[in-house]
Structure formats: structure tokens, C-alpha cells
Amino acid sequence: MDVIQISPPASPATLAGSAAADGPEGPTPIPIPISPGFDRLDSDVARQVARLLTDGGPRSTPGLPALVSDLTVRELRQWMARAEQVVGPEVSRELRGLAHNGAGRLPVYRVQPGNRGVVGPGQVELSWDHVRDKVIELARRLEGVSVAGPRVVETVFGPDDFPVVIGPGGCFATLMDGHHKLAGLMILSSMLERLGHETRLRNPLRFSRSIRASIERLPSLRQIRIPVRVIGQEKDCAPGAFVERLCDPTRYSPPIRLTDRSGRRWPAPPPRFSELSDNPFRKLATDFALKAKHKEDRLTWKGAAWPLWLKLPTAPDFVEFSIAAVMEAVFHERDEPYNPGQPVSLATRQALRQGLLRARRDPNHPVHDVLRQVPLVASESDAAAVGRRVKRVARGRPSKKAPLKLWPGDAEVQIWLPTGKA
């Protein structure tokens with residue numbers, strides 16, 4: 001059996017009882033055994049495994065959500081890449097059945113040259129910081145459910161499914177929405193599978209009770225099957241025309257997005273999620289959104305405590321990326337670094353608001369047409385005040401399709417609420 005020597009974290013609270021007194025050069029390295037049949041862990045992943053191991057009993061380490069919050073973007077991509085190394089059964093027959101039935105459940109990976117995913121990404125970038133939030137959210141949900149095995153995925157996700165388009169030849173599907181959530185599921189499962197393997201390797205070391213329970217509940221990567229909904233079938237399409245069809249907004253809403261934050265247009269999405277580029281400002285746009293959802297013919301609000309914009313059910317496709325582009329430009333104008341792990345100051349928040357308002361008023365701005373369809377919070381208001389204002393303004397309009405003007409002196413937004421009640 002192979003052994004990797006790694007250094008434990010400096011804090012004994014993270015890895016209790018791991019070594020004797022520290023020497024003059026720091027903590028004593030810990031041997032991490034790697035059994036035959038598993039790839040050798042690189043040093044970064046090995047350190048993460050060490051952070052999640054403890055021999056001091058169930059109270060020695062925090063739960064999985066707290067530990068996931070420490071992962072860097074590079075570490076998240078490493079766990080995603082490990083998930084993509086796992087192969088599952090051949091599923092051509094299942095894909096053909098999906099094309100006929102329109103809905104079902106699919107594994108994410110299968111055996112084939114290059115190990116292209118059964119479900120591939122339909123965009124070229126995402127926010128890996130936002131993916132981390134999804135991993136934490138799913139880990140918290142996983143701790144709160146009582147079912148185990150394949151049913152747990154449906155329980156954790158709730159009624160959500162993933163919209164896909166069947167590709168040429170009917171041998172793969174392209175994901176059209178839900179990239180952050182699916183990436184979060186794959187990373188969480190990758191971590192739990194690796195940690196579950198560690199528990200089988202060694203009897204003396206134990207995880208916290210919550211982590212052990214999560215390992216037992218979530219099925220292995222080879223068993224995970226995600227709920228999908230087929231919104232298009234392009235199995236007879238020529239491979240060269242497939243991407244062009246996915247980009248056509250008259251065919252698919254949302255279409256796939258091939259432009260990254262630098263403005264470069266990719267010829268096609270990468271075949272694997274771990275190859276998606278990072279756009280940290282995409283998470284910032286989400287962090288400042290107040291999202292509206294229908295519930296019993298009413299709009300319920302969820303999101304930022306001090307929002308800068310409202311995401312309604314009729315929001316344009318990829319609106320977060322458009323807002324992220326404006327926010328990134330504001331940080332560049334202010335010569336201010338953006339740290340996703342630090343809260344944004346009041347002065348910066350006010351600058352972001354003014355940047356969004358300027359972009360919406362400037363007909364020459366690249367995202368002007370998008371922002372004309374997005375209600376912006378034109379003055380400093382908390383979420384409760386914004387909800388009350390929307391309700392009051394919506395009641396005073398002559399029809400549901402009348403332009404929405406939330407703040408005096410601000411521009412009217414050409415958007416309508418799909419319900420008369422707010």
C-alpha cells in the first residue's frame with residue numbers, strides 16, 4: 001500500500017491528536033495510505049483529506065459545510081476533476097429512451113474515449129465561488145435528510161430537474177441551465193466518496209458524526225443519477241451545426257453562452273465542467289440580487305439584504321453575467337481589488353449601484369438593452385422596503401404589462417410582473 005507523507009494543519013482543533021509535540025520545523029508529517037486501485041493523491045488534495053480526518057471523536061471537527069467553506073477555487077476544480085475521472089455504465093440505450101420520453105434520470109459520466117460526460121456543460125464559464133456556495137448548501141441539506149442511496153439526490157434537490165438537449169447521434173446531452181448546482185453535487189459526491197474510502201482504509205481515525213452520516217447517505221459517483229428534462233432533440237443534427245443551433249435563442253431559452261468575461265467567443269463549450277473558466281463577479285451579481293419566485297399566485301422574495309437589482313421570473317437569459325460585467329468594470333475604475341471572501345463596503349456598493357444605473361441609461365453600453373429589462377434598486381433600501389415598494393407600485397399600474405417605475409426620477413423598466421399580486 002502506498003503512503004503519502006503530509007503535514008497536518010497547525011490548529012489542533014482541526015486535526016485532533018494527529019501527532020506528538022511539534023518539532024522545530026513544524027508539525028510532524030502524517031502518513032496517508034493510498035490503497036491499490038486509487039490514483040495517488042496530489043499534495044493539495046491530500047492536505048484537504050487531512051483537514052477532514054480526526055481521531056479525537058465526533059466533536060473534534062466541524063461539519064462538512066464549515067470545512068467546504070475553506071476550499072480555494074483551485075481545490076474546488078481539483079475535486080471536480082476527480083469526479084470526472086470516475087466512469088459509469090454505458091448509457092446509449094437510456095439516452096435513446098430519454099429522447100423518446102422527454103424526461104428521466106441519467107448518470108453524469110460513462111465509459112467512452114476521452115470520458116466525455118454524458119451531460120456536458122452548455123457554457124464556457126461559471127463562478128467557482130458560487131459553486132462553493134452550492135456545495136455548502138447541498139451539504140447542509142444532506143445533513144438534514146433521513147433517506148439514503150439513490151433517492152437522496154431527488155430529496156436534496158427537491159422538485160428541480162436539469163434541462164438538457166440530446167446531441168448528435170444521441171450519445172450525449174448538453175446542459176442548458178443549472179451548471180452551478182450540478183457542479184456542486186459532483187464536487188460534494190467526489191469529496192464524500194474519497195472520504196468514505198479513507199474511513200474504510202483506517203479504523204483508528206473517525207470523522208465527525210455529521211460527516212459520517214453524509215458519507216452513508218449520498219450514493220457513490222458511479223450510482224448518482226440526476227433528474228433531467230429533455231427540451232430539445234438534435235440527435236440527427238450534423239456535429240458542425242449542433243453548437244450553432246444551441247446558440248439560437250429562437251430555438252432554446254436559455255441558449256448556450258459561449259462568450260467569457262474577456263469578451264472572447266469560444267467555438268464550443270468545453271467537454272468537462274472542470275475546464276470551465278472562472279468568473280468571480282458572477283457570484284457578486286448573485287449576492288446583490290433580490291430574487292422573486294411564484295408561490296400561490298404571489299411573489300416571494302429571497303436574496304440580498306441590501307439588493308442592487310431584482311431578478312423577476314421574466315429576467316433576460318444570463319442576466320447575472322451582464323451585471324457581473326458592469327460590476328467588474330466598476331472595480332477596475334476604482335482600482336479596487338475584489339476578494340470574494342470579504343464583504344463589500346458601503347462605498348463600493350454605492351459605486352456599483354451608480355455603475356449599473358449609468359449602464360442602463362447609456363444606449364451605447366454593451367449591456368444597455370439587457371439592463372432596460374431589469375429593475376434596479378436606485379436608492380439604498382433593504383429587502384423588506386424593496387418588497388413593499390414593488391407591491392405598492394404593482395397595485396397602481398393600469399395593467400400587468402405596463403412599464404415598472406420603482407423610484408421617482410429613475411427610468412421606467414420595460415418589464416411586467418406575471419401576476420397581479422406582489
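Just so it is clear, the structure is predicted and the values come from calculations on it, not from any experiment.
- No side-chain heavy atom of K283 sits less than 4.5 Å from a side-chain heavy atom of R132.
- Salt-bridge annotation for R257 and E320: absent, with no side-chain N of the basic residue lying under 4.0 Å from a carboxylate O of the acidic one.
- Between L312 and A292, the shortest heavy-atom distance links the atoms CD2-CB, 3.7 Å.
- Between the side chain of S277 and the backbone N or O of V124, at least one donor-acceptor pair lies under 3.5 Å.
- Looking at heavy atoms from C-beta onward, L352 lies in side-chain contact with L284 at the 4.5 angstrom threshold.
- Here the closest heavy-atom approach between residue P121 and residue P270 is recorded as CG-O, 3.1 Å.
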| Derivation and outcome, side-chain contact (heavy atoms from CB on, under 4.5 Å), residues T259 and F321 | CA-CA 10 Å; T259 304; F321 286 103; over 6 Å; no
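- Residues that satisfy the side chain to side chain contact (heavy atoms under 4.5 Å, CB included) test with E328, not counting sequence neighbours, are R261, F281, H332.
- Residue L376 holds its CG atom at 13.5 Å from CZ of F288, rounded to the nearest 0.5 Å.
- Under a cut-off of 6.0 angstrom, the local environment of CD in E336 is crowded, with over 12 non-hydrogen atoms contributed by other residues, nucleotides or ligands.
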| said: Is there a side-chain contact (heavy atoms from CB on, under 4.5 Å) between L175 and V164? Walk through the geometry before answering. | reply: CA-CA 5 Å; L175 181 66; V164 300; 4.3 Å; yes
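- To the nearest 0.5 Å, atoms CZ (R358) and CG (L371) are separated by 12.0 Å.
- Taking both residues in full, the closest heavy atoms of S127 and H180 are given as N-NE2, 3.1 Å, listed atom of the first, atom of the second, then distance.
- With values rounded to the nearest 0.5 angstrom, D133 atom CG is found 13.0 Å from K181 atom NZ.
- Without hydrogens or angle criteria, R272 side chain to M80 main chain gives no donor-acceptor distance under 3.5 Å.
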| request: Start with the C-alpha gap between I231 and V165, add the side-chain angles, then the distance that decides, and say whether side-chain contact (heavy atoms from CB on, under 4.5 Å) holds. | output: CA-CA 6 Å; I231 63 172; V165 174; 3.9 Å; yes
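- Residues A304 and D287 share a closest heavy-atom pair of CB-O, 3.1 Å.
- A heavy-atom distance below 4.5 Å is not found between the side chains of D317 and P249.
- Within the 4.5 Å cutoff, the side chain of V370 has heavy atoms near those of the V319 side chain.
- Scanning for salt bridge (Lys or Arg N to Asp or Glu O under 4.0 Å) contacts around E380 gives R349, R353, with sequence neighbours left out.
- T174 is listed as a side-chain neighbour of F242, based on a closest heavy-atom distance under 4.5 Å.
- Atoms CD1 and CD, on I166 and E234 in that order, are 10.0 Å from each other to the nearest 0.5 Å.
- For Q354 (side chain) and Q350 (main-chain N/O), no donor-acceptor pair under 3.5 Å exists by modelled atom type.
- Put simply, CH2 on W309 and CD1 on I323 are 4.0 Å apart, with the number rounded to the nearest 0.5 Å.
- Under the rule for a salt bridge (Lys or Arg N to Asp or Glu O under 4.0 Å), R265 has no partner lying at least two apart in sequence or in another chain.
- Residue D161 holds its CG atom at 10.5 Å from CG of D177, rounded to the nearest 0.5 Å.
- When side chains are defined from C-beta on, R140 counts as touching I136, because their heavy atoms get closer than 4.5 Å.
- For S322, there are no side-chain hydrogen bond (donor to acceptor under 3.5 Å, both in side chains) partners two or more places apart in sequence or in a different chain.
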| Would D248 and R245 satisfy salt bridge (Lys or Arg N to Asp or Glu O under 4.0 Å), going step by step from the backbone distance to the final call? | CA-CA 5 Å; D248 185 354; R245 290 191 179 187; over 6 Å; no
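- A donor-acceptor pair under 3.5 Å links the side-chain atoms of E75 to the main chain of T72, judged by distance alone.
- Residues satisfying the side-chain hydrogen bond (donor to acceptor under 3.5 Å, both in side chains) test with H179, not counting sequence neighbours, are Q123.
- Checking side-chain atoms of S381 against main-chain N and O of V386 turns up no donor-acceptor pair under 3.5 Å.
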| task | Evaluate the criterion side-chain contact (heavy atoms from CB on, under 4.5 Å) for residue pair W128 and I187; output intermediate values, then yes/no. | result | CA-CA 11 Å; W128 285 97; I187 290 173; 3.9 Å; yes
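- A305 is linked by a side chain to side chain contact (heavy atoms under 4.5 Å, CB included) to nothing, counting only residues two or more places apart in sequence or in another chain.
- Between E137 and K134 there is a salt bridge, since at least one side-chain N of the basic residue sits less than 4.0 Å from a carboxylate O of the acidic one.
- When all heavy atoms of F318 and P254 are compared, the closest pair comes out as CZ-CB, 4.2 Å.
- A324 and A285 make their closest contact through N-CB, 4.0 Å (heavy atoms, listed as atom of the first residue, atom of the second, distance).
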